Number of protein chains: 2
Amino acid sequence: MKKTTKEQILDVALDLFSQKGYKGASIRMISSKVGIRESAIYNHFKNKEDILNTIVSTLSSSSLSLLSSNKPLEESAKKGKSFLREFAASFKLLAYDNKSEKFFRFMMIELMQNKKMRDIFMNDFHKAHLKILSQAFFIMMQEDMIYSSDPMLMAREFLSPLFFYRMQVTLVKIDKENSSIESTLFEKHIDFFWEMIVNNK
Amino acid sequence: MKKTTKEQILDVALDLFSQKGYKGASIRMISSKVGIRESAIYNHFKNKEDILNTIVSTLSSSSLSLLSSNKPLEESAKKGKSFLREFAASFKLLAYDNKSEKFFRFMMIELMQNKKMRDIFMNDFHKAHLKILSQAFFIMMQEDMIYSSDPMLMAREFLSPLFFYRMQVTLVKIDKENSSIESTLFEKHIDFFWEMIVNNK
DNA sequence: TTTTAGTATTAACACTTGTTCATAATAAAG
DNA sequence: CTTTATTATGAACAAGTGTTAATACTAAAA
C-alpha cells in the first residue's frame, strides 16, 4: 500500500516533467518534493536520464494507446458506429486518466525537442491507432456499412480530430477551467463523422 | 539588406527557441551564434524575457493565422470547395514557411508550460480560424451547397485535421525525412471532407 | 578635431545545475 | 548482539545560468 521511495520519485518526476519538461525539472525539485536530499536519488537511479527512461518505458505504451486489440477486430468492427463510439470513449478516458494525462503533457513538451519522443508518438501512438482504425473501416466497407473510400485516409480523418480534442481537454484542464464543453466534443465527433460516412441508401 | 544586430539576435533566438524551448536556449548560446559576447545582448534587449516578448508579439499573429479576412467572406464562402481549398492552401503554406514553422515549433514546446502561449494558441490561432470557418459554413448552408448542420461543429471537424497534418509535417521535417507524403494530406482532406458534406441531391 | 551616442568586451556576481564521495542512520539476516 | 545491505545525509565539485559594471572601440554630429 505504502509507496516505495523509488515509486515516489517516479511519480513526482512525472508530475514535474509534465509541468516543466525534462530540462525544467531538476533533481533537487524532485528530491525535495519526495522529502529526501538530492544525493539520495542516486541510490535508486543511475542518473537523471535513468529516471526519464524508466518513466518512458513504463508509460509510453499504456498511457497512449488503447491496445484493446486482444479482442477480435473482425467482430467488433462490424458493430459500426458502436465500435467508433467505444474507440473514442477509451480515447477520451485516457484524457481524463491522471497518469496518462501527465504523460501526454510531457510527450507534447518533448515532441519538438526529442527524437525518441517523436518516435514514440509516431509509432506507439499514431501508427498503432491508424492500423486498428484502417482495418476496422476496411471491414465496414466490405460489409457495405459505409461509403467506400481509402480506409487509411478515413482512419486519419477520424483520428486527427480525436487527437486535437484530447489536446484541447488537456490544455483547458491546465488552467483549471471547466473542461465539460470540450468533453462533449468526442461524442459530437462520432455523430458527425458517422453521419457523413454511413451508407443509408 | 544587411541585418542589424538586433534582428540577428531575434532570428537566432527564434531558431534556438524552436529547437530547445525558452529555458533550453541560453543567452550565451544566442550571443555566440550571433558572433558577439553575452553582455552585448543587453545593449539591445532589457533581458531574456524581453527577447521572448519581442518575438511573440512580432510573430504570434502573422505566423499562425491567415487573416485574409480583409476580403469579404460573403463572396468567397459561396465558392464552396474552392474556398476550403484556399483556406487549406494558406494553412499549408504556413507549415512550409521558415519563420512560421519555427514559431509553430516553439509554440508547441511552450504550450503545456506557458499560460501566455496557451492564450495565443487558443485565441490568435484556434478561435480566429474557427470564426472564419463557421461563418463560411453558415453561408454555404444558407446557399444549400452543403448539408445543414452545426456550423461551429463543422468548422472544428474541418480544422482539427488541418492542425494535425501541419503538426505532422513539422515533426517529419525535423528529422529531415521527406515530407512529401504528409504534404498531400491537406488536399486529400479537402476532397474527403467536401465529398462528405456536399449537398448533391 | 573633439564630443557624443551606440555597441562591443572583459570580468565578475550570485545562483542553479547534475553528480560524487565519505559517512551516518536504519532495518533485515546471521 | 553483531554483521550486512540498503538508504539516507552533508559537503563539495565543475560547469552552466541570467545579469551587471567598468571600460574600450567605433562611427556619426558638433
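Computation of the quantities below employed the complete heavy-atom set of this structure, encompassing side-chain atoms and omitting hydrogens, waters and symmetry-equivalent molecules. Note that this is a predicted model, so its numbers are computed, not measured. Order of the sequence lines sets the chain letters (A, B, ...), proteins ahead of strands, with each chain counted from 1.
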| Any cation-pi pair here, Lys48(B) with Tyr22(B), using under 6.0 Å and within 45°? |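 Yes, a cation-pi geometry.
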| Bracket notation of DNA chain D in which parentheses pair within the strand, [ ] cross earlier pairs, and | pairs with another strand (Watson-Crick or G-U, under 3.5 Å) | ..||||||||||||||||||||||||||||
| message | Of the listed nucleotides (dA8(D), dT17(C), dA12(C)), which one gets closest to any side-chain atom of Thr5(A)? | response |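 So the nucleotide nearest the side chain must be dA8(D).
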How many whole angstroms separate atom [atom1] of [X] from atom [atom2] of [N]?
X        : N       : atom1 : atom2 : value
Ile51(A) : dT17(C) : CD1   : P     : 14 Å
Ile30(B) : dT17(D) : CD1   : C1'   : 12 Å
Lys48(A) : dT16(C) : NZ    : P     : 15 Å
Lys6(B)  : dA8(C)  : NZ    : P     : 12 Å
Met29(A) : dT17(D) : CE    : P     : 16 Å
Asn47(B) : dC13(C) : CG    : C1'   : 17 Å
Ile27(A) : dA12(D) : CD1   : C1'   : 17 Å
Leu52(B) : dG18(D) : CG    : P     : 13 Å

| query | Charged N to carboxylate O below 4.0 Å: is that the case for Glu182(B) and Lys173(B)? | reply |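 Result for this pair is no, no salt bridge flagged.
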| said: Regarding Lys188(A) and Glu157(B), does a basic nitrogen lie under 4.0 Å from an acidic carboxylate oxygen? | reply: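 Looking at Lys188(A) and Glu157(B), the cut-off is not met.
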| said: Below 4.0 angstrom, which residues in residues 36-45 of chain A have at least one non-hydrogen atom near DNA chain C? | reply: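 Glu38(A), Ser39(A), Tyr42(A), in order of number.
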| message | Measuring only between side-chain heavy atoms, which start at C-beta, is Phe83(B) closer than 4.5 Å to Met140(B)? | response |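 Sidechains of Met140(B) and Phe83(B): in contact.
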| task | Starting from the C-alpha separation in whole Å, work towards a yes-or-no answer on ring-ring contact (aromatic ring centres under 6.0 Å, His included) for His129(A) and Phe163(A). | result | CA-CA 11 Å; His129(A) 288 158; Phe163(A) 170 83; 10.0 Å; no
Look at the side chain of [X] and the backbone N and O of [Y], then say whether any donor-acceptor pair between them is shorter than 3.5 Å.
X         : Y         : result
Ser100(A) : Tyr96(A)  : no
His189(B) : Phe158(B) : yes
Arg166(A) : Phe91(A)  : no

| task | Please check the phosphate of dT16(C) (OP1 and OP2 only) for any side-chain N or O of Ser26(A) closer than 4.0 Å. | result |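 Negative; the distance criterion is not met.
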| message | Over 60° means perpendicular and under 30° means parallel, so tell me whether Phe137(A) and Phe193(A) are parallel, tilted or perpendicular. | response |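 If you compare the ring of Phe137(A) with that of Phe193(A), the planes turn out tilted.
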| Does the base of dG16(D) carry an N or O that pairs as donor and acceptor with the side chain of Arg28(B) under 3.5 Å? |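 Such a pair does not exist between side chain and base.
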